[in-house]
Amino acid sequence: MAGEDEPGAGAGASLDPALFGVTQSLGGRRWTLTDAREADIQAISRLSGAPDVLARLLAARSIAPEEAKAFLEPRLRDSFPDPSSFADMDAAASLIWDVLEADARIAIFADYDVDGASSAAQLTAWMRLLGHDPIIYVPDRIEEGYGPSAAAFDAMQARGAELIITVDCGAAAHEALRHADARGMPVVVVDHHLMDGPAPPAAALVNPNRSDDRSGCGHMAAAGVTFVLLTALNREGRERGAFETTPEPSLIDFLDLAALGTLCDVVALTGVNRAIAAQGLKVLSQRKRPGIDVLGRIAGWEGPASAYHAGFVLGPRINAGGRVGKADLGARLLTARNDGEAEPAARQLDQLNAERRAIEQDILSAALEMASESMAADPDAPVLILSAEGWHAGVIGIVAGRVKDRFNRPTIVIGADRETGLGKGSGRSCSGVNLGAAVAAAREAGLLTSGGGHAMAAGLSLDMQRLAEFETFMRDALADQWRDAHEARLYTVDAVLSASGVQFELWETLQRAAPFGAGNREPRFAFEALSLTYAEIVGRDHVRFAFQSEAGAALRGIIFRAVENPIGQALLQGKGDRFHAVGRIKGEDGRFGRKAELHLEDLAPVR
C-alpha cells in the first residue's frame with residue numbers, strides 16, 4: 001500500500017522525497033519528482049525558445065541551457081565522429097576497397113536481429129550502387145547459435161567470398177576467426193558488443209568498445225557503427241578517384257536503416273545516436289525502401305515515422321524471422337530492390353510475428369508464475385533466473401524483458417534441451433546493474449559454454465547441470481550492484497499535472513524532445529487523488545479506464561498487458577476508489593479529431 005516502507009531498501013536506499021508519499025506503489029516502486037533549477041528553466045527557454053513545460057523537462061534531465069537548442073534540433077554535423085577515431089576503421093575501408101577494385105566477391109555475415117539486418121542492408125545497398133552484390137549469410141538461431149562459426153566461414157568461402165565482413169557480431173568469435181585466419185580468409189569485424197581479453201585475429205576489427213578505441217562511441221549500435229564505416233568508405237573512394245565516373249553514394253539515403261537498428265537495439269539516444277535517430281526517422285518516413293514500405297502497409301503503419309513505429313511496428317516483424325522462422329528474412333526484406341522481392345518476405349515476417357506472439361504468451365505465463373514464487377521466497381534477490389525445458393530460444397529475450405518490467409528485477413530466462421542437456425538463455429537488466437559483465441565473468445569462471453552482452457542485455461549457453469552453480473555465481477556477482485541501484489527502484493516523474501492538462505497541444509509540444517528511448521525516456525507525469533469511474537478489459541490483456549479529478553475533469557486512458565498484474569486488478573476491482581497515477585501522454589490526430597489520453601504505467605491507492 002502507498003506509504004509503506006519499500007522492500008529491500010536498506011541503508012543504501014534513496015532518500016529522495018516520495019511524491020504523494022508513495023514509497024511502494026502497486027508496481028513496487030518509490031515515486032520521486034525530478035528536480036529542476038528555476039534559473040536553468042528560464043535560461044533554456046530564453047536560449048532555445050522552448051515553452052516552460054519543455055524547458056522544465058530539459059532542465060530536469062540536466063540539459064545545459066547552452067546545449068538545449070542542439071538537443072531539440074539534433075544535427076549529425078554537431079555530433080558525428082571522425083571515422084578515423086575508430087580503431088581499424090581506415091584499415092577496414094581500405095581493405096574493402098581493395099577487394100571491390102579487384103572485382104572480387106564479398107560476403108556479409110550478419111546477426112539475426114534488426115541491428116544486424118539493418119547493418120547488412122546498409123553495406124549491401126552501398127555496394128550495389130557500385131555494381132557489386134555481396135553474399136549475405138545470417139546464422140540460424142537454433143541450429144547455429146549466435147555469431148560466426150568455422151562452418152559458416154567455410155560455406156561463404158565455398159561460395160566464392162574473398163573477404164568476409166561480420167556485422168553486429170564477431171568481436172568475441174576467437175575460434176571462428178582463428179579458423180578463417182588459418183584458411184587465409186580476411187575478415188573485417190564491425191561490432192559494438194563489450195569485449196574482454198585480447199582481440200581475436202581479424203584483418204580489421206572495428207568496435208568502439210575495444211580497449212584501444214578512442215572514438216568515445218561505445219554507446220552506438222552496430223547499425224550506427226556501420227553508418228560511420230560508410231562515411232569512411234566514401235572518403236576512401238574519393239581519395240582513390242573511384243567516383244570520377246561512378247556517382248558517389250549519398251549517405252543520407254542510408255539513415256533510415258541506421259536509425260532503425262539504433263532504435264531497435266535500445267541503445268542510449270544521446271549524442272550521435274540521437275542525431276542518427278532523429279534524422280533517420282525523417283528518411284524512414286519517406287518509405288523509399290521497398291521492404292520498409294511493403295511491411296509498413298501490411299502492419300497498418302500510417303503517418304510520419306516515430307520511435308514507436310521503429311521499435312514496435314517494424315522491429316518485431318523484422319526480428320520474427322530470426323526468432324521463429326528463417327533467419328535471413330529480415331535482411332532479405334531490407335535489401336529487396338522492388339515490391340515483388342519485398343512482398344513475400346514481408347507477408348511471411350508478419351505471419352511469423354503472429355506465431356511468435358502466441359509462443360511468447362505461453363512461455364510468459366509460465367515464467368511469470370515462476371517469478372512470483374521466486375520473489376515470494378526471496379524478495380531481495382538481485383536477479384531472477386527462470387528455466388524450463390522446451391522454451392523457445394527465439395522468444396526468451398522478449399520474455400525476460402517482460403518479466404523484468406513486471407517485477408523490476410534483472411531477469412535471465414533459459415530454455416533447456418532435454419536431449420542435449422544444454423540451455424540457451426537471454427537476460428535483461430535494470431538501471432545500475434551490468435548484466436553483460438556478470439555473464440561474461442561467469443563464462444570466464446567456466447560456468448558457461450558461451451556468454452556476453454552489454455549492461456542492459458546478455459545472452460548465454462550452459463550445461464544445465466551447472467545451473468545451480470550459475471545461479472549462485474550471478475546472485476553473488478550482482479548483489480552489491482542491485483543493493484546500490486537506487487534508480488531501478490525509483491519511478492522518476494517529470495511533473496505533476498491536473499487531469500484537465502492532458503491535451504493534444506501538450507503532447508505536440510513534448511514531441512520536440514523526441515525521439516524517446518533509452519537515455520531519453522518519454523516524459524512521465526503524475527496525477528493526484530483521482531477517482532476511478534470506469535474500467536474494462538480490451539483485447540487480450542489490456543485495461544481501458546476513466547478517472548475523474550476532484551475538480552470534475554475526466555482523464556481517460558489505457559494500460560497494456562496488465563489484466564493479471566496488481567495494477568490491472570486494482571483497476572478492474574476498484575470502481576469508486578481513489579488512486580494516484582503515473583503515466584505518459586499519447587496524442588492522436590485522426591479522423592475523429594485531435595485528442596490525448598494517459599498511457600498508465602503505475603498506480604498507488606490513496607491512503
Side-chain angles (χ1 to χ4, degrees), residues 1-9 13-35 60 368 371-372 375-376 379-380 403-409 430-431 485-502 521-537 541-551 553-586 597-607:
M1 178 176 289
E4 295 179 356
D5 290 337
E6 179 183 7
S14 170
L15 298 178
D16 291 346
L19 180 64
F20 307 149
V22 178
T23 56
Q24 187 185 356
S25 66
L26 292 177
R29 292 178 172 90
R30 176 190 186 96
W31 294 358
T32 184
L33 189 65
T34 55
D35 185 29
L368 287 173
S372 296
M375 289 290 290
D380 297 326
V403 176
K404 183 267 296 183
D405 290 343
R406 169 76 173 271
F407 293 97
N408 191 37
R409 199 65 46 103
C430 300
S431 299
H486 309 315
E487 185 180 347
R489 284 183 285 278
L490 290 178
Y491 235 41
T492 304
V493 175
D494 294 294
V496 176
L497 287 182
S498 64
S500 60
V502 179
R521 64 168 177 77
E522 201 164 351
R524 184 181 290 145
F525 299 95
F527 303 84
E528 186 175 14
L530 302 172
S531 297
L532 182 66
T533 60
Y534 151 84
E536 73 168 350
I537 299 172
D541 54 1
H542 314 315
V543 180
R544 276 213 162 272
F545 58 82
F547 288 118
Q548 187 175 58
S549 70
E550 292 182 354
L555 176 61
R556 296 177 175 83
I558 190 170
I559 182 169
F560 299 102
R561 295 185 296 274
V563 166
E564 296 181 359
N565 73 27
I567 299 174
Q569 288 297 302
L571 290 171
L572 293 170
Q573 299 172 16
K575 185 176 180 180
D577 292 346
R578 296 201 307 155
F579 297 93
H580 306 304
V582 168
R584 296 166 288 118
I585 297 172
K586 286 294 182 181
E597 66 177 9
L598 178 67
H599 282 198
L600 186 67
E601 293 183 334
D602 205 359
L603 201 65
V606 174
R607 288 190 299 171

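Scope of the values below: all heavy atoms of this structure, side chains included, with no hydrogens, waters or symmetry mates.
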Taking [X] for the side chain and [Y] for the main chain, is one N or O donor matched with an acceptor at less than 3.5 Å?
X      : Y      : answer
Asp602 : Gly27  : yes
Arg524 : Thr492 : yes
His542 : Arg561 : yes
Thr34  : Ala60  : no

State, yes or no, whether a side-chain contact exists between [X] and [Y] at a heavy-atom distance under 4.5 Å.
X      : Y      : value
Phe579 : Ser531 : no
Arg409 : Lys404 : no
Val493 : Phe20  : no

> Could you walk me through whether Val496 and Leu19 pass the side-chain contact (heavy atoms from CB on, under 4.5 Å) check?
Replying inline: CA-CA 9 Å; Val496 176; Leu19 180 64; 4.0 Å; yes

> Just checking, is any N or O donor in the side chain of Asn408 or Arg29 under 3.5 Å from an acceptor N or O on the other one?
Replying inline: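 Side chains of Asn408 and Arg29: pair found under 3.5 Å.
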
>> Looking only at the side chains, is there a donor atom on one of Glu601 and His599 sitting less than 3.5 Å from an acceptor on the other?
In response: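 Glu601 vs His599: no donor-acceptor pair found between side chains.
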
> Is there a side-chain contact (heavy atoms from CB on, under 4.5 Å) between His580 and Leu603 once you walk through the steps?
Replying inline: CA-CA 6 Å; His580 306 304; Leu603 201 65; over 6 Å; no

What distance do [X] atom [atom1] and [Y] atom [atom2] have between them, rounded to the nearest 0.5 Å?
X      : Y      : atom1 : atom2 : value
Ser549 : Leu497 : OG    : CG    : 12.0 Å
Asp541 : Ile559 : CG    : CD1   : 10.5 Å
Ile558 : Leu571 : CD1   : CG    : 11.0 Å
Leu600 : Leu555 : CG    : CG    : 9.0 Å
Gln24  : Arg30  : CD    : CZ    : 11.5 Å

Salt bridge or not for [X] and [Y], using N-O below 4.0 Å?
X      : Y      : value
Arg584 : Glu522 : yes
Arg578 : Glu550 : yes
Asp494 : Arg521 : yes

> Which is it for Phe527 and Phe525 under the ring-ring contact (aromatic ring centres under 6.0 Å, His included) test, yes or no, and what are the steps along the way?
Replying inline: CA-CA 7 Å; Phe527 303 84; Phe525 299 95; 7.3 Å; no

>> Go through it in stages, so that I can follow the logic: the residues are Leu530 and Phe545, the test is side-chain contact (heavy atoms from CB on, under 4.5 Å), and I'd like the CA-CA distance, side-chain angles, deciding distance and then a yes or no.
In response: CA-CA 12 Å; Leu530 302 172; Phe545 58 82; over 6 Å; no

>> Using the rule given for side-chain contact (heavy atoms from CB on, under 4.5 Å), can you reason through Val543 versus Leu572, listing the C-alpha separation, both sets of side-chain angles and the distance that settles it, and then say yes or no?
In response: CA-CA 8 Å; Val543 180; Leu572 293 170; 4.0 Å; yes

>> Assess the residue pair Arg544 and Glu597 against the criterion (salt bridge (Lys or Arg N to Asp or Glu O under 4.0 Å)); give the C-alpha distance rounded to whole Å, side-chain angles, the decisive distance to 0.1 Å, and a yes or no.
In response: CA-CA 11 Å; Arg544 276 213 162 272; Glu597 66 177 9; 3.1 Å; yes

